[in-house]
Amino acid sequence: MRNLIPLFLTAFLSVSCGHYALFPPVIDLIPYEKVGLITFAVENAEGQLDTLSTQLFLQEILYAQRGVQVIELGRPDEVLRDIDERRFGQGAAASIGRYFGVTAYLHGSVQVSDVRPKMDVIGLVQGGRVQAVFDMIVTARMISTETGATLWTDSILSEGNVANLTLVQGRIPYFDVRDKNAEIN
């Protein structure tokens, strides 16, 4: 499952930042001079998904908007500790601006659901097909440190597949599972 997540993140980030589109990105970051980036928070996943998703997001920003200065601020809990706040809100936004010297900051989250079975009705009629799938929601937003207002937000919901079992009458059963430890090339 972990191997599929970078693919979904790449798709999300490329759509979000707009450099593959025929029109400019939704928000121009250059006027903001210095933009902070908080490491993405991750729920229900193991490994270094927070670092990977943040890195992919940063790559897409810098590719789509050359010249923007992005300052990596750290993990959400570290940022809150640095600015002596308990949660993100208007007060925290102002504190982030003062402490880190940024005019806006980006942060996001990745939520991965538990793996669950999914049955394909057409596949069942033809012999039997069951999959193990998960949902992934990636959300990102940009916050003004002057007002605490959201300047931009985007999200994506995607379904990933970690295993298939297909039973077709008169044929050898087919089973496919993704190795969570395999590297993506």
Side-chain angles (χ1 to χ4, degrees), residues 2 4-114 134-160 184:
R2 187 176 66 186
L4 297 175
I5 292 172
L7 296 174
F8 293 119
L9 286 174
T10 301
F12 164 72
L13 296 172
S14 63
V15 169
S16 299
C17 294
H19 81 272
Y20 293 109
L22 299 174
F23 45 87
V26 174
I27 188 164
D28 183 9
L29 299 177
I30 300 298
Y32 293 94
E33 297 175 16
K34 294 179 187 171
V35 177
L37 176 60
I38 297 173
T39 303
F40 279 35
V42 175
E43 293 179 32
N44 203 25
E46 297 175 11
Q48 298 297 315
L49 186 56
D50 54 349
T51 305
L52 176 62
S53 59
T54 305
Q55 177 62 30
L56 290 171
F57 189 74
L58 178 60
Q59 284 174 212
E60 291 298 321
I61 290 170
L62 295 176
Y63 182 82
Q65 300 199 22
R66 299 191 192 285
V68 67
Q69 296 182 50
V70 179
I71 300 170
E72 296 180 66
L73 307 181
R75 298 186 189 295
D77 58 329
E78 295 169 343
V79 171
L80 289 173
R81 186 182 64 239
D82 288 345
I83 61 172
D84 198 27
E85 293 281 345
R86 302 188 93 169
R87 64 177 189 82
F88 290 99
Q90 191 172 12
S95 295
I96 288 170
R98 283 190 303 275
Y99 187 88
F100 293 103
V102 297
T103 55
Y105 67 93
L106 296 151
H107 73 104
S109 66
V110 179
Q111 298 172 339
V112 181
S113 72
D114 291 331
F134 65 94
D135 292 324
M136 184 175 69
I137 301 170
V138 181
T139 304
R141 66 180 58 222
M142 182 173 163
I143 307 294
S144 166
T145 58
E146 182 181 338
T147 64
T150 300
L151 302 171
W152 168 88
T153 188
D154 201 359
S155 59
I156 187 172
L157 169 63
S158 190
E159 184 179 88
I184 293 179

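In this chain, numbering begins with 1 at the start of the sequence shown.
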Worksheet item: A93 and S144: which non-hydrogen atoms are nearest, and at how many Å?
Response: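 Answer, listing the atom of A93 first, then S144: CB-O, 3.7 Å.
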Discussion item. Among residues at least two apart in sequence or on other chains, which ones pass side chain to side chain contact (heavy atoms under 4.5 Å, CB included) with R98?
Written reply: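 Per chain and number, R98 pairs via side chain to side chain contact (heavy atoms under 4.5 Å, CB included) with A94, S95.
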First locate atom [atom1] of [X], then atom [atom2] of [Y], and finally report the distance between them rounded to the nearest 0.5 Å.
| X | Y | atom1 | atom2 | answer |
| --- | --- | --- | --- | --- |
| E43 | I137 | CD | CD1 | 9.0 Å |
| T153 | M142 | OG1 | CE | 12.0 Å |
| L56 | T51 | CG | OG1 | 11.0 Å |
| L151 | Y105 | CG | OH | 10.0 Å |
| I38 | F100 | CD1 | CZ | 7.5 Å |
| Y63 | L58 | OH | CG | 15.0 Å |

Item to complete: Could you tell me how the ring of H107 sits relative to the ring of F88: parallel (under 30°), tilted (30 to 60°) or perpendicular (over 60°)?
Response: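 Correct class here is parallel.
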Worksheet item: Residues in side chain to side chain donor-acceptor pair (under 3.5 Å) with T103, at least two apart?
Response: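 So T103 forms no side chain to side chain donor-acceptor pair (under 3.5 Å) with any residue.
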Discussion item. The criterion is side chain to side chain donor-acceptor pair (under 3.5 Å); which residues satisfy it with S109, sequence neighbours excluded?
Written reply: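 Side chain to side chain donor-acceptor pair (under 3.5 Å) list for S109, sorted by chain: empty.
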Worksheet item: Is there a side-chain contact between V138 and F57 (heavy atoms, below 4.5 Å)?
Response: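 They are not in side-chain contact.
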Worksheet item: With side chains defined as the heavy atoms from C-beta onward, is the minimum distance between L37 and L106 less than 4.5 Å?
Response: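 Counting from C-beta outward, L37 and L106 do come under 4.5 Å.
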Item to complete: Give a yes or no on whether Q59 atom CD has more than 12 heavy-atom contacts from other residues, nucleotides or ligands under 6.0 Å away.
Response: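 Counting other residues, nucleotides and ligands, CD of Q59 exceeds 12 neighbours.
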Item to complete: Determine which pairs satisfy salt bridge (charged side-chain N to carboxylate O under 4.0 Å, His left out) with at least one residue from residues 85-95, sequence neighbours left out, and list them in order.
Response: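 Listed by first then second residue: nothing to list.
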Practice prompt. Go through the structure and list residues passing ring pair (Phe, Tyr, Trp, His ring centres under 6.0 Å) with Y99, not counting sequence neighbours.
Written response: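 With sequence neighbours excluded, Y99 shows a ring pair (Phe, Tyr, Trp, His ring centres under 6.0 Å) to no residue whatsoever.
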Run the side-chain donor-acceptor check on residues 69-79: report pairs under 3.5 Å with partners two or more places apart or on a different chain.
unit_1	atom_1	unit_2	atom_2	d
R75	NH1	D50	OD2	2.4
E78	OE1	R75	N	3.0

Worksheet item: Hey, is the main chain of I156 close enough, under 3.5 Å, to the side chain of T139 for a donor-acceptor pair?
Response: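 No.
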Worksheet item: So, the side chain of T145 versus the backbone of V102: is there a donor-acceptor pair under 3.5 Å, distance only?
Response: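 Flag set: sc T145 to bb V102 pair under 3.5 Å.
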